[in-house]
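Working notes, beginning with the structure itself.
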Amino acid sequence: MADYGFNTLAVHAGAQPDPATGARATPIYQTTAFVFEDADHAAALFNLQVFGNIYSRIMNPTNAVLEERVAALENGRAALSCGSGHAAQLLALHTLMGPGDNIVAARQLYGGSINQFSQGFAKFDWHVKWADTTNPDSFKAQIDGRTKAVFIESIANPGGIISDIEAIAKIAHDGGVPLIVDNTLASPYLIQPLAWGADIVVHSATKFLGGHGNSMAGVIVDGGKFDWGSGKFPSLSEPCPSYHGMKLWETFGDMAFAIACRVLGLRDLGPSLSPMNAFLVQTGIETLPLRMQKHCDNALTVARWLKANSKVEWVNYAGLPDNASYKLHQKYCPKGAGSVFTFGLKGGYEAGIKLVNSVKLFSHLANVGDTRSLVIHPASTTHRQLSDEDRAKAGAGNDVVRLSIGIEDAADIIADLEQAMA
Ligand SMILES: *Cc1c(COP(=O)(O)O)cnc(C)c1O
């Protein structure tokens, strides 16, 4: 399908009429296991000598359509779906890391990822060293002999800061490690990180890919270009004891990383995606280009309105010409700067509480990337345990409000903010 355009791939990639029934939409293969043809077929499947379905923890035909579609949209070699965005991060790093290893990650990340990297992964003796995504050289200073990857978000949640993927990819490669990009807030409609030198893309498909706020899902895309032969990545280059000493990189070449995430990571850690959710996410992806453009157009309209409002202290949206990320927005995602951004209310903490209590069209909740417009006041919710000083450092100061602008009429979104701010 490589010759088709992005809109066509969003609708068709990976799918075909069901060979058994002719069903045009991809069926939900709601089954745990798949019958073997005979004992030889079973043995070949378990030995990874032939590809095929065994058990839905590892592989399922509905999920396979989603995987092929996201791989096509990101222009990657292969993909793997799993139960959530956090599961995608876990599986990607499980393939690369051993006890005592570290990743160098941007400080500007989704709050849940900061917790996962600094708290959850510490239990595996995996460590994180922080860098500043607005200063690519800060990554260089942090890479050491035990570093196994650099991790950034293309558009960072919540501040909407845009990372210089090309510059950071070069620094990662000079350090002998792959660049992993969380492309959740941009989606491949706005940015294709692999085209700028990234090696691996991860998604919380819970957000814009699914797009309707109805299912948790994650995806890993393998760019297929990284050289795993340096000896730093034994899961890929060394004999694998659980597959009779097979070397995955030697055997599977440019798909080795995606395969390792599946046949080692998903197999042993188990955060698989339900076929029902795979179906919902792939249905969502069919309208990704339409939705994403509307999200961005609405967000720009709302950001401009806020900027001109006397109750607003500041607006941090990369689509505004005076924003620090504006140049990178023009380089990496000229179609739009995404739909998630923050602004500050002159009335501080109290004004933030009043706003979230007074909205009618907006939903006050902890999510982004829904068709509906969403709002949260981080200081009183996601960041409430932190001190005032730590909140400010995390970009969640007392006056900060985060919006995820939906695809409703922009006039209605603005009218709701106006009445809530009054
Ligand atoms: C939500 C989110 C995640 C985590 O994804 P889940 O599907 O909630 O596990 C990771 N990165 C970003 C940028 C997110 O917004």
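As the structure lists them, so they are numbered: ligands from 1, and atoms in each ligand from 1. These numbers come from the heavy atoms of this one structure, side chains and all, not from hydrogens, waters or symmetry mates. When a residue number appears, it is its place in the shown sequence, counting from 1.
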Checklist outcome for this item: One finds that the ligand 1 atoms under 4.0 Å from a non-hydrogen atom of Met216 are 6 (P), 7 (O), 8 (O)
Checklist outcome for this item: Atoms of ligand 1 under 4.0 Å from any heavy atom of Glu153, numbered from 1 in the order shown, are 13 (C)
Next on the checklist: side-chain hydrogen bond (donor to acceptor under 3.5 Å, both in side chains), that's the test. Do Glu67 and Asn63 meet it? Break it down for me.
Outcome noted: CA-CA 6 Å; Glu67 288 158 358; Asn63 300 16; 5.3 Å; no
Checklist entry - Given Ala156, Gly218, Ser204, which has its nearest heavy atom closest to atom 5 (O) of ligand 1? => result Ser204
Checklist outcome for this item: The protein heavy atom nearest to atom 9 (O) of ligand 1 is His86 N, 2.9 Å
Checklist entry - What atoms of ligand 1 come closer than 4.0 angstrom to any heavy atom of Gln89? => result 10 (C), 11 (N)
Checklist entry - What residue among His295, Gln293, Lys294 forms side chain to side chain donor-acceptor pair (under 3.5 Å) with Asp297? => result Gln293
Checklist entry - Any N/O of Leu185 closer than 3.5 Å to an N/O of ligand 1? => result no
Checklist entry - What class does the angle between the rings of Phe121 and Phe117 fall in, given that below 30° is parallel, 30 to 60° is tilted and above 60° is perpendicular? => result parallel
Checklist entry - Does NZ in Lys129 sit with more than 12 non-hydrogen atoms of other residues, nucleotides or ligands closer than 6.0 Å? => result yes
Next on the checklist: Can you name the atoms of ligand 1, numbered from 1 with element, that are less than 4.0 Å from a heavy atom of Ser84?
Outcome noted: 7 (O), 9 (O)
Checklist outcome for this item: Residue, atom and distance of the protein heavy atom nearest atom 11 (N) of ligand 1 read Asp182 OD2, 2.6 Å
Checklist entry - Atom CD1 in Ile220, atom CG in Leu266: separation rounded to 0.5 Å? => result 7.5 Å
Checklist entry - Angle class for the Trp126/His94 ring planes (parallel below 30°, perpendicular above 60°, tilted otherwise)? => result tilted
Checklist entry - Relative to each other, are the rings of Phe252 and Phe51 parallel, tilted or perpendicular (30° and 60° limits)? => result tilted
Next on the checklist: Please list, in number order, the atoms of ligand 1 under 4.0 Å from a heavy atom of Gly85.
Outcome noted: 5 (O), 6 (P), 7 (O), 9 (O)
Item to check | Nearest-neighbour protein heavy atom for atom 1 (C) of ligand 1, which is reported as residue plus atom name and distance | outcome: Lys207 NZ, 1.4 Å
